[in-house]
Amino acid sequence: KPLTDALLFAYYCFCGSDWAGDVAFALAKAGAADGDEPELTVTFALSGASLALSCRRGRTLKKVACTVACERQVLLDVLSGRFELTAALVSGQMSADNFTAMMAFKRAFKFDRAAWQEFCAWKESRQKAGVSLLAPPPPPPTAVATGGAAEEEEDDEKAKRTAPGLERLA
């Protein structure tokens, strides 16, 4: 559940990017030795205004611009704004094979505590309203006037940015 929430938050705080590429986070079990097979790999595919996430057990099979090795908790802390990405890299709690790609990745998101808390409040309001964040969104109404509700439309767009398969991480 925490990883699912963190990945949903990644969609929520994605700002777009002038860089395109894939960044794979190879998540090791706590205390695993360097070179061990990762427990899970989460791949972020960035391309302009679009973001796609994929998850698989073990290593990714696709060629990526950057591979990042870390423990699951470190990624959770970075995504939720508890630990700054650059600090995670400098401290050795994350290792990346392409620092330039990591900095481009970092600029594409707003991973900070305030954004995380805003997301948690938004998620809670959706859940209280009975909206499943993992279910496909309902089709848009065909003949409903919006009445200028731009903020609601933005919220609806963010709700639609869920990746198929995230429910497997719950």
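Heavy-atom basis, side chains included; hydrogens, waters and symmetry copies ignored.
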### Message
What verdict does the side-chain contact (heavy atoms from CB on, under 4.5 Å) test give for R72 and D77, after you've listed the backbone C-alpha separation in whole Å, the side-chain angles of each residue and the deciding distance to 0.1 Å?
### Response
CA-CA 9 Å; R72 179 186 293 240; D77 289 346; over 6 Å; no

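In the hydrophobic clustering of ILVMFWY residues, with side-chain heavy atoms under 4.5 Å counting as a link, V23 and L85 come out together. By the rule that hydrophobic residues join a cluster once side-chain heavy atoms approach within less than 4.5 Å of another member, L46 and M103 end up as members of one cluster. Under a hydrophobic-cluster definition in which Ile, Leu, Val, Met, Phe, Trp and Tyr are linked whenever side-chain heavy atoms come within less than 4.5 Å, directly or via other members, V64 and F99 are assigned to different clusters.
Interatomic distance, F83 CZ to S91 OG, rounded to the nearest 0.5 Å: 3.5 Å. Taking CG from L3 and CG from L75, the interatomic distance works out to 6.5 Å, rounded to the nearest 0.5 Å. Atom OG1 in T43 sits 6.0 Å away from atom NZ in K62 (nearest 0.5 Å). Expressed to the nearest 0.5 Å, how far CG of D112 lies from CG of L79 amounts to 12.0 Å. Going from atom OG1 of T67 over to atom CZ of F25 covers 10.0 Å, rounded to the nearest 0.5 Å. A distance of 13.5 Å separates CZ of F14 from CZ of F9, quoted to the nearest 0.5 Å.
Residues C66 and D97 approach most closely at CA-OD1, 3.3 Å, considering heavy atoms. When all heavy atoms of A20 and S47 are compared, the pair lying nearest together is CB-CA, 4.0 Å. Residues E37 and R59 share a closest heavy-atom pair of OE2-N, 3.1 Å. Nearest heavy-atom pair across Y11 and L51 is CE2-O, 3.4 Å. K63 and D22 get closest at one heavy-atom pair: O-OD2, 4.3 Å. Nearest heavy-atom pair, S17 versus A104, reported as atom, atom and distance to 0.1 Å: OG-O, 4.4 Å.
No donor-acceptor pair closer than 3.5 Å links the side chain of R126 to the backbone N or O of A129. The backbone N or O of A87 sits less than 3.5 Å from a side-chain atom of E84, completing a donor-acceptor pair. Under a 3.5 Å cut-off, the side chain of Y12 and the backbone N or O of K123 do not form any donor-acceptor pair.
A heavy-atom distance below 4.5 Å is found between the side chains of L7 and C55. Proximity of R82 to R113: side-chain heavy atoms (C-beta onward) are separated by under 4.5 Å at one or more points. In this structure, T41 and R57 have side chains that are not in contact, with every pair of non-hydrogen atoms separated by 4.5 Å or more. Looking only at side-chain heavy atoms (C-beta outward), R107 and M102 stay at 4.5 Å or farther from each other. Annotation: side chain of T100 is not in contact with side chain of W19 (no heavy-atom distance under 4.5 Å). Proximity of F105 to V68: side-chain heavy atoms (C-beta onward) are nowhere separated by under 4.5 Å.
Around atom NZ of K110, no more than 12 heavy atoms belonging to other residues, nucleotides or ligands sit under 6.0 Å away.
Relative orientation of the F111 and F109 rings is parallel, given thresholds of 30° and 60° on the angle between their planes.
With no hydrogens or angles considered, a side-chain donor-acceptor pair links T86 and K106 at under 3.5 Å.
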